[in-house]
Amino acid sequence: MHAKLPDVGTTIFAVMSKMAADHNAINLSQGFPDFPISAQLISLVQEGMRQGMNQYAPMPGLPMLREAIAQKLADTYGVTCDPETEITVTAGGTQALHATFTALVNPGDEVIIFDPAYDSYDPVVRINQGRPVHLQLKPPNFSINWDEVEATVTKKTKALVINTPHNPSGAVLSHDDMLRLSKIVTANNLYLISDEVYEHIIFDNLSHNSALKYPDLRARAIAIYSFGKTFHATGWKTGYMVAPPEITTELRKMHQFTVFCANTPIQYGITKYLEDGDHYSYLSGFYQAKRDEFATIMAQTRLTPVPCHGTYFQLYSYENISDMHDVEMAEWLTKEHKVATIPASVFYARGENIKYLRFCFAKATETMEKAAELLCKI
Ligand code: PMP
Ligand code: GLN
């Protein structure tokens, strides 16, 4: 068989979660909460099933969910989005990203990606015969050098991908960043893929600068969201993408032939939950407390944190402990010390070994304490 992605193996999230299970390690690798989700939300999904919401949903998503999402976008960002022509419910953020790259990228198109980056961007650009162009975000701030971006744009550049709050670094784009970005996108007629799945997990009184809030970006952006992150239910794989009507038409052509539609009873339950009130504004405070709690517990270890302003991930440098490559280090920690993490180099196209490990702090206090106790021994 002629492999489309000969250099790609199994995603690190699957590898590390399996290694954690195989070695009975505490799993701080793949990003998912280990505490229960809302009982009310579960009841609402059950209600949907009992009411017969068990067949295909309309291809772009249940109309009532798209309306509830439009209301949420209006409440959160003060933007008006047409549920009929601009919002599409997807099987999670990852599927939205797949539909987006597949709709936008033609052979030879360049897509600018900032490393470290979520691992699906690069391969999906390449599946579509596009050329990912990787720029490096430098520790410890992981900020974007916009002059470098300007110098990197060519006639072949089709799109640029941003992710704020940023996985894995926890960096957040500022209003000034968005203005610089706006200028570049408009001047070069680019598309913007704005991965905002951590929109509600942002700390230190910062606010999320959604691409949808900037009219020039709004006209060229596909913004991507995940209810998995927002409602602690990553296994439900439900999210959505927002884009102007002419882009949405193309996105839906891809969406309809990958999954056709997202899961119906979950769409029903989420609609009712959204209609019930604001179940997301508390998240920043909730996860900021977890970040701080994790930092306090981890202060007893020899690992050094990188400042984190959003997401539920924290990078730690292990330079005081070892010279090992981070992939080797993560494996050693999982097998020998029973704590699983993600090596940061996997977020780099060239696998740069920056000697950081990513820890997920979307965990119960008990889990964090147990992990820190084990890590104190190294
Ligand atoms: N983008 C980023 C940056 C992520 O961390 C994730 C987490 N999986 C996703 C997209 C995809 O979200 P989902 O789980 O809804 O597919
Ligand atoms: N976004 C999650 C993370 O960064 C994992 C997503 C996945 O497992 N594909 O850990």
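In listed order, ligands and their atoms are each counted from 1. The structure presented is a predicted model; accordingly, all values stated were derived computationally and were not measured.
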Specify side chain, backbone, both or neither for [X], according to which of its non-hydrogen atoms lie closer than 4.0 Å to ligand 2.
X    : answer
F347 : neither
K229 : side chain
T11  : neither
F313 : side chain

For the residue pair [X] and [Y], does the interplanar ring angle fall in the parallel (under 30°), tilted (30 to 60°) or perpendicular (over 60°) class?
X    : Y    : value
Y287 : F35  : tilted
Y225 : Y240 : parallel
H232 : F286 : tilted
Y273 : H279 : parallel
F359 : F294 : tilted
F231 : F227 : parallel

| task | Answer yes or no: is there a donor N or O on one side and an acceptor on the other, between the side chain of N128 and the main chain of G130, under 3.5 Å? | result | no

Q. Under the 3.5 angstrom rule, does the side chain of T164 hit a backbone N or O of L173 as a donor-acceptor pair?
A. yes

Ignoring angles and geometry beyond distance, decide whether D195 reaches within less than 3.5 Å of ligand 1 through its nitrogen or oxygen atoms.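 In this structure, D195 places an N or O atom under 3.5 Å from an N or O of ligand 1.
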
Exercise. Hey, is ligand 1 close enough to V197 that some N/O pair sits below 3.5 Å?
Worked result: no

Under 4.0 Å from one or more heavy atoms of N163, ligand 1 contributes atoms 3 (C)

* Below 4.0 angstrom from a heavy atom of G92, which ligand 1 atoms are there? Numbered from 1 as shown, please. =>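 By the 4.0 Å cutoff, the relevant atoms are 15 (O), 16 (O).
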
If you have a sec, work out which protein heavy atom is nearest [atom] and how many Å separate them, to one decimal?
atom                    : answer
atom 7 (C) of ligand 2  : F13 CD1, 3.6 Å
atom 8 (O) of ligand 2  : Q30 NE2, 2.7 Å
atom 13 (P) of ligand 1 : G93 N, 3.4 Å
atom 8 (N) of ligand 1  : K229 NZ, 3.0 Å

Next item on the list: For the residue pair Q136 and Y348, confirm or rule out a side-chain donor-acceptor distance under 3.5 Å.
Entry: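 Per modelled atom types, Q136 and Y348 side chains form no pair under 3.5 Å.
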
Cation-pi check, K363 onto F32 ring (under 6.0 Å, within 45° of axis):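 Yes, K363 sits over the ring of F32.
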
| message | Is the terminal nitrogen or CZ of R291 (NZ for Lys, CZ for Arg) located under 6.0 angstrom from the six-membered ring centre of F361 and within 45° of that ring's axis? | response | no

Relative to ligand 1, is [X] under 4.0 angstrom through side chain, backbone, both or neither, heavy atoms considered?
X    : answer
Y198 : side chain
T94  : both
K237 : side chain

Carboxylate-amine/guanidinium proximity below 4.0 Å for K370 and E373
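Judged by the 4.0 Å cut-off on N to carboxylate O distance, K370 and E373 do not form a salt bridge.
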
Legend entry - Min heavy-atom dist H166 to ligand 1 below 4.0 Å: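 For ligand 1, residue contact (heavy atoms, under 4.0 Å) with H166 is absent.
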
Go through the steps to decide whether N209 and H175 satisfy the test side chain to side chain donor-acceptor pair (under 3.5 Å), and finish with yes or no. CA-CA 6 Å; N209 292 308; H175 177 59; 4.8 Å; no

Which atoms of ligand 2 have any heavy atom of [X] under 4.0 Å away?
X    : result
R358 : 3 (C), 4 (O), 10 (O)
Y118 : 1 (N), 6 (C), 7 (C), 9 (N)
Y198 : 1 (N)

Just to check, does N167 reach to within less than 4.0 Å of ligand 2 when the distance is taken from its heavy atoms? yes

Heavy-atom proximity to atom 15 (O) of ligand 1, picking from S226, A117, P165, A96, points to S226

